[in-house]
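Below you'll find the structure, written out as structure tokens, and then a few comments.
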Number of protein chains: 4
Amino acid sequence: MSPKTKEQYEEIREASSNKILMAALELFGTKGYDATSVSEVASKAEVSKGLIYNYFQSKEHILQQLFTYLNSQEQDVLRQVEDDDPKKMLENILRYVFAELRNNSDLWKLITSLALQVGKFDFLHQPLVNKLNSYYTLFESLLTQTGIKNPDKEAKVIGALLDGIGFQSLVLGKDYPLDEIEEYLVQKYCRNAT
Amino acid sequence: MSPKTKEQYEEIREASSNKILMAALELFGTKGYDATSVSEVASKAEVSKGLIYNYFQSKEHILQQLFTYLNSQEQDVLRQVEDDDPKKMLENILRYVFAELRNNSDLWKLITSLALQVGKFDFLHQPLVNKLNSYYTLFESLLTQTGIKNPDKEAKVIGALLDGIGFQSLVLGKDYPLDEIEEYLVQKYCRNAT
Amino acid sequence: MSPKTKEQYEEIREASSNKILMAALELFGTKGYDATSVSEVASKAEVSKGLIYNYFQSKEHILQQLFTYLNSQEQDVLRQVEDDDPKKMLENILRYVFAELRNNSDLWKLITSLALQVGKFDFLHQPLVNKLNSYYTLFESLLTQTGIKNPDKEAKVIGALLDGIGFQSLVLGKDYPLDEIEEYLVQKYCRNAT
Amino acid sequence: MSPKTKEQYEEIREASSNKILMAALELFGTKGYDATSVSEVASKAEVSKGLIYNYFQSKEHILQQLFTYLNSQEQDVLRQVEDDDPKKMLENILRYVFAELRNNSDLWKLITSLALQVGKFDFLHQPLVNKLNSYYTLFESLLTQTGIKNPDKEAKVIGALLDGIGFQSLVLGKDYPLDEIEEYLVQKYCRNAT
DNA sequence: TATGAATGAGTTTTCATTCAT
DNA sequence: CATGAATGAAAACTCATTCAT
């Protein structure tokens, strides 16, 4: 009956949907969600405006799917940085964050600016809260193992610090001394005598 | 009809202009610049739409003026926190930042989200860079005086940290332990033995 | 302060709003609600598309207002046809209906086609039911006074008959013998011996 | 692959085409022609969007075919209600109409709302005029045979009456006393002394 | 100075129709 | 014969900006 198999259609759908999502990620990230028009997403994805509405109910749903997609990606990350040695794992995390800031700043920009619009996008709030808390927990556990004082407070400090660095490097761009800060933090948190 | 002196006109201009600016600050801060319409600003300022264009060339110019206004305000702050004792001054700054986060989160939200749109608003970039640098310089100077190691790095760390705390408290809202972090940082940076 | 008085603005609003409503009435009546675009209404009203949304929240709201407007007009009609003699009053009503069919067929077309879409426009149902019932009641009262047999049934018959005539004359247009039927009904219902 | 005979293909065509037509009838009738999308027809017919264009040149052609189909059905009806006794035949017609109103109100709704859009669908006008006229002729002949006065006028009255009843029962739905009116009309037109 | 009606370009969204397979 | 992904033109709607008063 079908000229294409179910699988073939599924592949096509997946491919197109991804093209759109990636285009949206880049544009929402650089220009901001509000300032990006659906037409722009369509052009960048090399797809017709109509097709976007074939895959996404609305502009906001693109954002939602994007968020879902980014979350799913993050699971993989945590597995990558895992290590038995808490200091090594902390270093992995730090290095990963800095690498991301260098290579995927659009994504950070998007997440950051979305986070600020928590009030506008209801679907963001709870996931973000959960995420931050899970990071605090992870950091606290690692810091406890490394024997640092006030691990609960320091966990929050590191969390805020990384966010702050991300933020400032987004604003300052090339001028921000990512390398220098990276080494300094690794030294400070991961190379101290036990 | 009623002949007004130049001064009276000036006062009226000043008053109307301020009402508009304050309304814009609140709305841009809470809803975001793009998501706020000029009409909304007019309503909140209890002023007609037309009047806004009497004082500001365009919506973007409201933002620019707002930015100018906020900058001018900041000069006053620096005078307030000044102190001969570097540790005391650092504490003043920290306490000031936390107080602002508690009371003027809209303003922070606005500045933060604008900062992320540096690409869109050209007029923002240089002033922001200058500001961050002047803060780094100030922190470095204070930290040097307190005899802390690596004052240049730590200056950037504190800068990023404060931004990060601001960011996370904006996202987490009531759930963020501002008080706890405030005391911890004051202890850590301003109460250490010399 | 104001360059125009409140009253002046109110007049302007009233005038524009009416222009739009009248244009909508004609187009919705002739082409149907769904088949008429807001742009077309704007052109016919000689007004910009934007202005329509200044006065009406949505296309559907134009319809709602139109309905309200038409209802309010009808009150006047009932006063016009009133007469102490029930047969005369019945005749007045009949003649009024036929006159409307001749002169305002768009309006009938609109009401008729809307009535068929009761399911789509919730706001229509109850008012329409009320209207039909009030007509039944009026007819029954008049017929009772004229001493006709089965006035309750005949009231419904007349109601349906008038609707049916309206419908068929809309469909057949010029070909429908409105004059002939009008005289026949007047003779039959209003000139019978008591 | 599987070689099919011409007859088999014809059967398939007929079946698919009918499924589509029936789905269209239901949707056009309930939601209206404009408000129904081709996709919806496809879903309801459990057929792909593309297939519809295999059988029908356009959305409007579905409507045309539907109309043709309904017309062809009606021929059967006339045979069913035929009777040598004119009063009996008139009763059969009345009873048939009321039965349809009770069971196939969608179809009535569709025909009624289409009739109102005569201007939009050219192909409707002439057939509808012919149909109405043929009904008038039939009624007039039956009424003449029953010896009623003014059979030409009464034929039009009955025609309009039935349309009006249909219309009002569509609008009022369950609230309309179809049974009561049916009996009344049968008594009035078919049980009168000769 | 102040008003708000009016505009029009741009945005999101829908949908009949085409087409490669 | 059958599929559903893809298109593009047009629809509903928004909003910064202008302008007569």
Side-chain angles (χ1 to χ4, degrees), chain A residues 1-6 8-13 15-17 34 36-42 47-60 62, chain B residues 1-2 4 8-9 12-13 15-16 34 36-42 47-60 62, chain C residues 1-6 8-13 15-17 34-42 47-60, chain D residues 1-2 4 8-9 12-13 15-16 34 36-42 47-60 62:
Chain A
M1 290 285 177
S2 314
K4 293 208 183 66
T5 65
K6 281 264 160 63
Q8 280 175 308
Y9 277 129
E10 184 52 33
E11 269 171 43
I12 292 174
R13 290 186 68 80
S16 293
S17 172
D34 283 303
T36 301
S37 76
V38 173
S39 295
E40 287 172 301
V41 176
V47 136
S48 71
K49 225 183 318 181
L51 191 64
I52 290 188
Y53 287 88
N54 226 319
Y55 293 114
F56 306 92
Q57 295 175 46
S58 69
K59 188 183 173 188
E60 191 172 332
I62 304 178
Chain B
M1 294 287 175
S2 55
K4 293 206 182 69
Q8 283 175 310
Y9 274 126
I12 293 174
R13 286 193 71 81
S16 293
D34 283 303
T36 301
S37 74
V38 174
S39 294
E40 286 173 300
V41 176
V47 136
S48 74
K49 231 187 306 185
L51 192 62
I52 290 188
Y53 287 86
N54 226 319
Y55 294 118
F56 305 91
Q57 295 174 46
S58 70
K59 188 184 175 187
E60 192 172 330
I62 304 178
Chain C
M1 292 287 174
S2 314
K4 293 209 184 66
T5 65
K6 283 261 161 64
Q8 280 176 310
Y9 278 130
E10 184 52 34
E11 269 171 43
I12 293 174
R13 289 187 69 81
S16 293
S17 173
D34 282 304
T36 301
S37 77
V38 173
S39 294
E40 287 172 301
V41 176
V47 137
S48 71
K49 223 187 316 180
L51 192 64
I52 290 188
Y53 288 90
N54 226 319
Y55 294 115
F56 306 92
Q57 295 175 48
S58 69
K59 187 183 174 188
E60 191 172 332
Chain D
M1 292 289 173
S2 56
K4 292 207 181 71
Q8 281 176 310
Y9 273 125
I12 292 175
R13 286 191 70 81
S16 293
D34 283 303
T36 301
S37 74
V38 173
S39 293
E40 287 173 300
V41 176
V47 135
S48 74
K49 231 185 309 186
L51 192 62
I52 289 187
Y53 286 86
N54 225 319
Y55 294 117
F56 305 91
Q57 295 173 47
S58 70
K59 188 184 173 187
E60 192 172 328
I62 304 178

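Predicted, not measured: the structure shown is a model, and the values here were computed from it. Every chain is numbered from 1, with letters handed out A, B, ... down the list of sequences.
Closest to the Ser48(D) side chain, of the nucleotides dT7(F), dT3(F), dA5(E), is dT3(F). With distances taken from any side-chain atom of Ile12(C) to the nucleotides dA5(E), dT1(E), dC1(F), the minimum falls on dA5(E).
One interatomic measurement links the two molecules: OH of Tyr55(C) to C1' of dC15(F), which rounds to 16 Å at whole-angstrom precision. With rounding to whole Å, Ile52(B) atom CD1 is found 15 Å from dT1(E) atom P.
In this structure, Ser16(C) reaches the dA6(E) phosphate: one of its side-chain N or O atoms is under 4.0 Å from OP1 or OP2.
When all heavy atoms are compared, the tightest approach of Lys49(D) to Val38(D) is CG-CG1, 4.3 Å. When all heavy atoms of Lys59(B) and Tyr53(B) are compared, the closest pair comes out as N-OH, 4.5 Å. In terms of heavy-atom proximity, Ala42(A) sits nearest to Ser48(A) at CB-C, 4.0 Å. Shortest non-hydrogen contact noted between Val47(A) and Ile52(A) is CG1-CG1, 4.2 Å.
Listed by chain and number, the residues in a side-chain contact (heavy atoms from CB on, under 4.5 Å) with Glu40(A) are Leu27(A), Lys31(A), Thr36(A), Ser37(A) (sequence neighbours excluded). The side-chain contact (heavy atoms from CB on, under 4.5 Å) search around Glu60(C) returns Tyr33(C), Ser58(C), Phe121(C), Phe123(C), not counting sequence neighbours.
Within the 4.0 angstrom heavy-atom criterion, no nucleotide atom of any strand lies near Phe56(A).
Between the side chain of Tyr9(A) and the base of dT3(F), at least one donor-acceptor pair of N or O atoms lies under 3.5 Å.
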Under a 4.0 Å heavy-atom criterion, the protein footprint on nucleotides 9-15 of chain E, written with B, S and -, is -B-SBBB

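Distance check, rounded to the nearest 0.5 Å: OH of Tyr55(C) to CZ of Arg13(C) gives 5.0 Å.
Taking the nucleotide of DNA chain F with the nearest heavy atom to each of Asn54(D) and Arg13(A), the more 5' of the two is matched to Asn54(D).
Base pairing in DNA chain F yields stems of at least 3 consecutive Watson-Crick or G-U pairs, both distances under 3.5 Å, namely E:2-21 with F:2-21.
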